[in-house]
Chemist: 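Below is a structure I'd like to ask you about.
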There are 2 protein chains.
Amino acid sequence: MRNDAKRTTIYDIAALAGASPSAVSAVLNGSWQKRRLSRSLADRVLRIAEQEGYAVNAQASLLRRERSHIIGMIVPKYDNRYFGHIAEEFEAMARDRNLFPVVTCTQRDPELEFEAAKELVSYQAECLISTGATDPDRISAFCKASGVQSINLDLPGTLAPSVISDNHAAARDLTHLIMDRCASDLGWAGPLRFVGGRREDHNTSARIAGFEAAHADRGIAIPEDHIMARGYSAQTARSLLDDFAPEGPTGLFVNSTISLEGVVQWHAGLGAARSRVRYGCFDFDPFGSFLPGNVGMVEQDVGKMLETAFALVGERAANMETIRVPCRLLPF
Amino acid sequence: MRNDAKRTTIYDIAALAGASPSAVSAVLNGSWQKRRLSRSLADRVLRIAEQEGYAVNAQASLLRRERSHIIGMIVPKYDNRYFGHIAEEFEAMARDRNLFPVVTCTQRDPELEFEAAKELVSYQAECLISTGATDPDRISAFCKASGVQSINLDLPGTLAPSVISDNHAAARDLTHLIMDRCASDLGWAGPLRFVGGRREDHNTSARIAGFEAAHADRGIAIPEDHIMARGYSAQTARSLLDDFAPEGPTGLFVNSTISLEGVVQWHAGLGAARSRVRYGCFDFDPFGSFLPGNVGMVEQDVGKMLETAFALVGERAANMETIRVPCRLLPF
DNA sequence: CAAGTTTGCACAATCGATTGTGCAACGAAT
DNA sequence: ATTCGTTGCACAATCGATTGTGCAAACTTG
């Protein structure tokens, strides 16, 4: 337990134990029986290692080993339950599989995404999961060139297998739920407004398609200006709605909990008209069901998505298919 | 861009460029001018490296270098805004300082906390920030033995400097806010109930002390059974309140957003009595202000906490002092 | 043109752990 | 007493990058 500036190495321990570094290494990594070292040597080495507060130098160890057992993930943000849940579950599942998870958060910044991916490859990650990446194919191309497996999550790419939510189906279901509640609570048939996200974004466009399909199911036309998808932030949602003071009943499809924050701010400022508004949100938040006017949320099946992704880890024959995982609709 | 199973190394590039590995290394890590290599060699090497999709082997590089520039953090959960915000901000600030952040989530499991700390030390982290650790001193002791700096965040320890919220002051302020609103809205003076957390836990006990101080300020006694601190989960909070059907006005101090989920569930089930309940919560959630009955929240100053912690990074003369960062009280 | 200086690069040691191989010492079998 | 198998361990090469040092060739100066 001395406190030299330098870290204890197997050479220090070897000297203290009167053994060779290779013997110490074998004891410390558990392969000593295979190398026919005596139990007494093993005990001695383990005791000394404990005393000296030895911790293996992973850099040195990994340099020599063939596999790193590191699995990387990049995530845009931790600021909502969805990505937080993904990161947490990813780590737990990685540990269950005896992998060392390294998650890094890239702030929705395409350059940072790519830099982070390169760093993870530098650290010899065996597989990289790109979650909600702006440009997943750029990352996949780089990984492929380095011989590293890559998998897309939440947003699909074309150069790696992708696991995403079934946005279309869930959006359609949610739209029907909101319209049902508008009908029963307000005696109003639609059309709803779609708030939040970006049209160019894959998920948003799939959700808009589901939203439109539900309206088509009911033979209701959607005016052009009812699709308000010009950004994710709460601010954006709020300012989009700023000059919208509904006279009659209104229904909204909100595209994320981040946008929902803006919608709820707007809703809170409506006064008496508040009671004639119903909305639902694509994405779950535990406080969602207590927000007045909220009729339901879509919860993406993070556990299933990650299980599906982990099933692909290590697969050599990766076809570039996109796997869609069903969501859960939670009516309130 | 060939796709051999093996990763491209400086030796491969050296062969292709007709140069020595050391020259390639110098070019790729930017020290080529210092080594007086010609620009033409540098350009050639860079071009080949690009073509071959070269990525440095961080393990090999770090093994030789003296500093790793890795900074580690352990975090209990990502399931609320507070820890999510901490992790995200930590990563951003680490990158700003040219450090490589590695965050790992330990599920409030003491063993996992320690294992994760050991892993981060193995990866040669230069500093480890233990956030909300169950047993921070065990981690600090291990770090010290390995010559690694450690810093506690959110929960204090005695073997490393700690940066925590000023729980006492903020709890006192929040208690006053809730009591003020109980007085003005309900014409009721208290005493409030304290819901969530664990008495043994440092933060909870500081908050209880602040809660009691506010009552003392007003000369109000708190019955023993009004302190309901037997766990953090929403379930716990809910079941604690399950058989509490208030007849008159009631006020609650809720100790975390997780507990708040349980409180809000209970509140929603109260029926007409709902309007005679006021509560406030220690911790922020963006949907908090829209929850009926919620009169305010305490937002911990994550930015300031992390700045304070980062100011300690690299400090040799670390005194084991606990630094308390003021919180923001947000009245609704 | 000789001596000194600068330019441009290669060589080899090194970081700490892993792992294939070799080799004494010892006991058993003949 | 010789041969053979086993036990218990040490030696040395290796992973890929970094870095101190050395040394030709080119260039400058007198």
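Because the structure is a prediction, the values reported are computed rather than measured. Throughout, protein chains are lettered first and strands after them, A, B, ... in sequence-line order, and every chain is numbered starting at 1. In what follows, every heavy atom counts, from backbone to side chain, and hydrogens, waters and symmetry copies are set aside.
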Chemist: With a 4.0 Å cutoff (strictly under), does any side-chain N or O of A:Ser22 reach OP1 or OP2 of C:dT19?
Modeler: no
Chemist: So, OP1 or OP2 of C:dT18: does either fall under 4.0 Å of a side-chain N or O from A:Ser61?
Modeler: yes
Chemist: Using the side-chain heavy atoms of B:Arg64, tell me which of these nucleotides is nearest: D:dC9, C:dG8, C:dC15.
Modeler: C:dC15
Chemist: Which is true for B:Leu28 with a 4.0 Å heavy-atom rule: it touches a base, it touches only sugar-phosphate, or it touches nothing?
Modeler: nothing
Chemist: Hey, does A:Val24 reach any base, or is it just sugar-phosphate, or nothing, if we go heavy atoms under 4.0 Å?
Modeler: nothing
Chemist: Quick one: is D:dG16 close enough that its OP1 or OP2 comes under 4.0 Å of any side-chain N or O from B:Thr9?
Modeler: no
Chemist: D:dT18, OP1 or OP2 - any side-chain N/O from B:Arg65 closer than 4.0 Å?
Modeler: yes
Chemist: Can you tell me if the side-chain N/O atoms of B:Asn29 get under 4.0 Å from OP1 or OP2 in D:dT18?
Modeler: yes
Chemist: Thinking salt bridges, do B:Glu89 and B:Lys304 make one under a 4.0 Å N-O criterion?
Modeler: no
Chemist: Does the plane of the ring in A:Phe114 sit parallel, tilted or perpendicular to the ring in A:Phe142? Use 30° and 60° as the thresholds.
Modeler: perpendicular
Chemist: Does the side chain of B:Ser38 get closer than 4.0 angstrom to OP1 or OP2 of C:dC9 through an N or O atom?
Modeler: yes
Chemist: If you pin B:Ser40 and B:Leu63 to their nearest nucleotides in DNA chain C, which one's is more 5'?
Modeler: B:Ser40
Chemist: Check every atom of D:dC15, D:dA17, D:dA10 against the side chain of A:Ala23 and return the nucleotide holding the closest atom.
Modeler: D:dA10
Chemist: Which part of the nucleic acid, if any, lies within contact of B:Ala26, taking any heavy atom under 4.0 Å across all strands shown: a base, the sugar-phosphate backbone alone, or nothing?
Modeler: nothing
Chemist: Taking the side chain of A:Arg35 as heavy atoms from C-beta outward, which of D:dT19, D:dA10, C:dT7 is closest to it?
Modeler: D:dA10
Chemist: Can you measure from CZ (B:Arg81) to CD (B:Gln300) and round to the nearest 0.5 angstrom?
Modeler: 15.0 Å
Chemist: Is A:Thr131 reaching over with its side chain to a backbone N or O of A:Leu153, donor-acceptor style, under 3.5 angstrom?
Modeler: no
Chemist: Can a side chain N or O of A:Tyr54 be found less than 4.0 Å away from OP1 or OP2 on C:dA17?
Modeler: yes
